[in-house]
Every structure is written in structure tokens, then in C-alpha cells.
S.K.: 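Structure in C-alpha cells, see below.
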Amino acid sequence: MKNKNSIVLALLCLYSLSVSAQKKSKKDEVVTIETNQGTMRFILFDETPKHKENFLKLTKENFYDGTLFHRVIDDFMIQGGDPDSKNAKPEDNLGKGENGYKIPAEFNPKLYHQKGALAAARDNNAKKESSGCQFYIVEGRKWSKIDLDKQAARAARKLTDAQRKVYETIGGTPHLDGSYTVFGQLIDGMEVIDKIASLEKNERDRPEKDISIKVSVKNMKKKKITRKYGWKYEA
């Protein structure tokens, strides 16, 4: 009888821990990327846990500080995170630097390449695994209904009405959906993306003047994030 009670107690403890783990946190991390062109802030998605954990880890290790936005294409995206870009000379060819590992793809139809999306860069590997460090921020463009229909047909992916509205009115890069992992979204500083994307670049799409970055993270109450930045969390 004593053993039976012990088993029941153990099961109840496990159940309690499980329920506790399922409760959504009242706080979230806000990632800040500072540049000489302005400051951007992001939230990272719980639906992409491997990418979220990795980006936060690198941020807390100051991995990104001093790296550059080394590839900038107007109406498309701005890319950074190459460790070789630290102290790079103007003639250096950037974009191939890595940190020694890849991250399994975490595609989610809810997460898409709207303007301000934070996504993981990758090479042409068959599994579409992400770079362990390089990332990009979507600028994109606005899409007409006709162009969006054509793009959706080629991608064999059905967009929701809400996603279509965003691509038509705010913009993004729908042709990247399902091929690159989106793991965060800008919540403050949208104008900074446009400012960086419009800078003069060389033939390799590297800005003529270096855009170095400093990345930090702060834990904040979700209610404060919503109040301050307008980001709405799912109930």
C-alpha cells in the first residue's frame, strides 16, 4: 500500500510539473539590434525553439557585436551575422563565414516573410538547414493580388487571407516562404530597415560605409511589450 501511494504521489508530481511547463510565461525576450543608422527591436518565436535558443545564446555571448550588415539589397532584405565581417577590409568578400554548425529547419505556416521578419540564412543544403549564425531581416515590397496569386501557385502554398493582406499592404518576400526559417519579427524601428536597404552598395551588395551592429536582449513583461511596441500575443 505504501509503494502504491508513493507511485501515485510521484505521478501527481509529474502531472503538476507538466501542467506548470505548459503555462505560458508572462515575460518574453526583446532583442535589440543597434546600428549607426538606428535601432531595431524584435521578438523571437516560441514556434522555432532551436533558432530562438541559438540566437539568444549568441547574443548573450556578444557573438554579433562588431559584425556588419554585409549584404544589402533594396526591396529585398538586409543580411548580417558573418563572423568574418568583424574588422573586415573594404575589399574582403564576405558572406561565407560560419560558426561551425547548422540548425535544423523549423518551418511553420503561421510564420512568414512579411516586412520586418527575422529569418535564418542558409546555403543550398538539401535539408534546408539554417546557418548557425547568419540571419537576414526582410524589407521586401508590396505585392499585387495578381502577382501574389502567381507566386502562391508556383510555391504550391496557400496563404491565409490575413497573410495575403499583409503582403499586399505592408509587403514582404513570399517567394521565400517554406524555404528559409522565419524565427522572429521586428516590433520597433521599421524605418531603419528601409534606411539601411537604400544605402550605396558595391558590386557585391556590401554597403560602401560599414554598418556594424551591437545586439542585446532584455526580459520584459508581455503586457509591457504590447503597451510599448504594439505587439499582440495569442491568448
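Just so it is clear, the structure is predicted and the values come from calculations on it, not from any experiment.
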S.K.: Between side-chain atoms of residues 78-86 and protein atoms elsewhere (two or more places apart, or another chain), which donor-acceptor pairs fall under 3.5 Å?
M.R.:
residue : atom : partner : partner atom : Å
Q79     : OE1  : R71     : NH1          : 3.2
Q79     : NE2  : Q134    : OE1          : 2.9
D82     : OD1  : D84     : N            : 2.8
D82     : OD1  : G97     : N            : 3.3
D82     : OD2  : G95     : N            : 2.6
D82     : OD2  : G97     : N            : 3.4
S85     : OG   : L68     : N            : 2.9
S85     : OG   : D82     : O            : 2.6
K86     : NZ   : F63     : O            : 3.2
K86     : NZ   : D65     : O            : 3.4

S.K.: Salt bridge between D123 and K102, side-chain N to carboxylate O under 4.0 Å?
M.R.: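 A salt bridge is present here (some side-chain N lies under 4.0 Å from a carboxylate O).
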S.K.: Would the distance check show the side chain of W231 and the main-chain N or O of I43 forming a donor-acceptor pair, the cut-off being under 3.5 Å?
M.R.: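 No.
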S.K.: Evaluate side chain to side chain contact (heavy atoms under 4.5 Å, CB included) for E34 paired with K214, printing each intermediate quantity in order.
M.R.: CA-CA 5 Å; E34 299 175 64; K214 179 178 175 58; 4.2 Å; yes
S.K.: Does F135 have its ring centroid less than 6.0 Å away from the ring centroid of Y64?
M.R.: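 That pair passes the under 6.0 Å test.
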S.K.: Determine, for D147 against K142, whether the closest basic-nitrogen to carboxylate-oxygen distance falls under 4.0 angstrom.
M.R.: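 A salt bridge is absent here (no side-chain N lies under 4.0 Å from a carboxylate O).
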S.K.: Is D177 close to P174 at the side-chain level, that is, under 4.5 Å between some pair of heavy atoms?
M.R.: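 P174 vs D177: side chains touch.
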S.K.: With F55 as reference, evaluate F42, F45, F183 under the ring pair (Phe, Tyr, Trp, His ring centres under 6.0 Å) test and give the passing residue.
M.R.: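 Answer after filtering F42, F45, F183: F183.
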S.K.: If you count the non-hydrogen atoms of other residues, nucleotides and ligands that lie under 6.0 Å from NZ in K201, is the total more than 12?
M.R.: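 Count over threshold, so yes.
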S.K.: Is K57 paired with E61 through a side-chain N to carboxylate O contact shorter than 4.0 Å?
M.R.: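 A salt bridge links E61 with K57.
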S.K.: Whether E29 and K52 form a salt bridge (side-chain N of Lys/Arg under 4.0 Å from carboxylate O of Asp/Glu) is what I want to check.
M.R.: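 Yes, this pair counts.
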S.K.: Looking only at side-chain N and O atoms, does H51 offer a donor or acceptor that is under 3.5 Å from a partner on E106?
M.R.: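 The answer is yes; a qualifying pair exists.
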S.K.: Less than 4.5 Å apart, any side-chain heavy atom of V192 and any of T39?
M.R.: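 Of all side-chain heavy-atom pairs linking T39 with V192, none is under 4.5 Å.
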S.K.: What are the two closest non-hydrogen atoms of E139 and A197, and how far apart are they?
M.R.: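 For E139 versus A197, the nearest heavy atoms are OE1-CB, 3.3 Å.
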S.K.: May I ask you to test the S131-E98 pair for a side-chain heavy-atom distance under 4.5 Å?
M.R.: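 S131 vs E98: side chains touch.
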S.K.: So that I can tick it off, tell me whether K110 and E234 are bridged by a salt bridge, with the cut-off set at under 4.0 angstrom between side-chain N and carboxylate O.
M.R.: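 Salt bridge: yes.
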